[in-house]
Amino acid sequence: MQKQKITQLLFTLCLVLGFTMVLSSCSKDEGGPSDNGNYFMKAKFNGELKEFKQQPSFQGGGNDGRLEHIVLGADEIYFKDVKPGEMSPGFVIEIWNIGGDIKNGTYTYNGGGGIDRDDANSYSLKSYYMLDGYTRYGANETENLTMVITELQRDKSIRGTFKGVFTLNDESGKTITITDGEFYLPYRDN
């Protein structure tokens, strides 16, 4: 149990740090927040609207021109405005479809049955709401997450909705209900 907690914490930390580094390296404006246009990621967290407009983006890749993996996310606070040693709250959704091709459609936490490399219809969907580098909510324990991709233009943008129930990573059992989630994010190639 302790080894699982440590592994999960290390995975989360690596994911958060990696995603933050990727997003921060995308900024074209060194003096302040870039003009993100109309790009956003937002949702109601237990009824309270939270908007993630800093460093919004999605990245994707795969074999033979297919999209087998997509990561999308954004932060609440511009990364240069975050105090040293702290991290901006952020939201990330990740989908894997090894051997398949991610397209417009509805994806649920258990809908794809996990990653089966021999089944192009199988997929894995994960999401995290990170309050800081150590505290995060995720859908792993509740297995309650739905993402609908309504518009996907490879190398341009992705648009859709999401909802779910996430559990805090401290074993308290505390949950947060996410409703009215929407995203419209530009593609970033790094």
Side-chain angles (χ1 to χ4, degrees), residues 7-8 10-29 34-43 52-76 79 87-130 133 136 138-140 143 145-164 166 178 181-190:
T7 303
Q8 187 177 23
L10 287 174
F11 172 76
T12 301
L13 187 57
C14 289
L15 179 67
V16 169
L17 290 174
F19 194 71
T20 301
M21 286 176 21
V22 166
L23 290 178
S24 65
S25 70
C26 295
S27 177
K28 293 180 184 176
D29 181 2
S34 60
D35 177 12
N36 293 321
N38 294 322
Y39 297 119
F40 64 90
M41 181 174 252
K42 64 183 178 179
F52 305 90
K53 290 188 172 187
Q54 299 302 321
Q55 296 90 247
S57 69
F58 93 94
Q59 295 179 318
N63 294 311
D64 303 322
R66 295 173 306 193
L67 275 175
E68 296 178 298
H69 179 225
I70 292 178
V71 177
L72 50 114
D75 294 331
E76 274 188 290
F79 76 98
M87 296 183 74
S88 172
F91 197 83
V92 176
I93 300 175
E94 182 174 19
I95 184 168
W96 287 89
N97 182 215
I98 304 300
D101 193 10
I102 300 167
K103 304 227 183 258
N104 292 355
T106 301
Y107 299 89
T108 61
Y109 187 89
N110 285 322
I115 298 174
D116 178 352
R117 294 181 186 276
D118 295 326
D119 180 1
N121 294 317
S122 73
Y123 63 86
S124 172
L125 180 66
K126 305 227 181 262
S127 184
Y128 301 99
Y129 169 47
M130 294 155 294
R136 69 171 170 81
N140 291 351
E143 300 182 355
L145 174 63
T146 300
M147 174 177 73
V148 179
I149 299 174
T150 57
E151 179 182 318
L152 177 58
Q153 297 179 11
R154 186 182 176 108
D155 300 334
K156 290 187 181 176
S157 64
I158 187 170
R159 182 184 298 266
T161 63
F162 61 95
K163 65 181 178 178
F166 288 29
I178 300 172
E182 295 179 64
F183 57 87
Y184 176 49
L185 305 171
Y187 180 78
R188 301 271 193 238
D189 184 17
N190 288 345

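Only this structure's heavy atoms are used, side chains among them; waters, hydrogens and symmetry mates stay out.
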TODO: Apply ring pair (Phe, Tyr, Trp, His ring centres under 6.0 Å) to the pair Phe183 and Phe40, showing each step before the final yes or no.
DONE: CA-CA 6 Å; Phe183 57 87; Phe40 64 90; 8.4 Å; no
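- A pairwise comparison of heavy atoms in Met130 and Val92 identifies CE-CG2, 3.3 Å as the closest pair.
- Between Tyr128 and Asn140 there is a side-chain heavy-atom pair separated by less than 4.5 Å.
- The minimum heavy-atom distance between Phe58 and Ile70, with the atom names listed, is CD1-CG2, 3.8 Å.
- For Tyr184 and Tyr39, the distance between ring centers is under 6.0 angstrom.
- Atom NZ of Lys103 is separated from atom CG of Leu152 by 8.0 Å, given to the nearest 0.5 angstrom.
- In terms of heavy-atom proximity, Ser57 sits nearest to Arg188 at CB-CG, 3.1 Å.
- In this structure, Glu143 CD and Leu125 CG are separated by 11.5 Å, a value rounded to the nearest 0.5 Å.
- The distance from the OG1 atom of Thr146 to the CD1 atom of Ile178 is 11.5 Å, given to the nearest 0.5 Å.
- The shortest heavy-atom contact between His69 and Ile102 is N-CD1, 3.9 Å.
- Annotation for Tyr187 and Gln59: closest pair CE1-CA, 4.0 Å, computed over non-hydrogen atoms.
- Screening Phe162, Phe91, Tyr109 for a side-chain contact (heavy atoms from CB on, under 4.5 Å) with Ser127, the sole residue that qualifies is Phe91.
- Of all heavy-atom pairs between Ala139 and Leu145, the closest is CB-CB, 3.9 Å.
- Glu151 and Asn104 are not linked by any side-chain donor-acceptor pair at a separation below 3.5 angstrom, with hydrogens and angles left out of the test.
- A 4.5 Å side-chain heavy-atom check between Leu72 and Met41 finds at least one atom pair inside the cut-off.
- In this structure, OG1 on Thr150 lies 8.5 Å from CD1 on Ile158, to the nearest 0.5 angstrom.
- We find the NZ-CG distance between Lys53 and Asp75 to be 14.5 Å, quoted to the nearest 0.5 Å.
- Here the CE-NZ distance, from Met147 to Lys126, works out to 13.0 Å after rounding to the nearest 0.5 Å.
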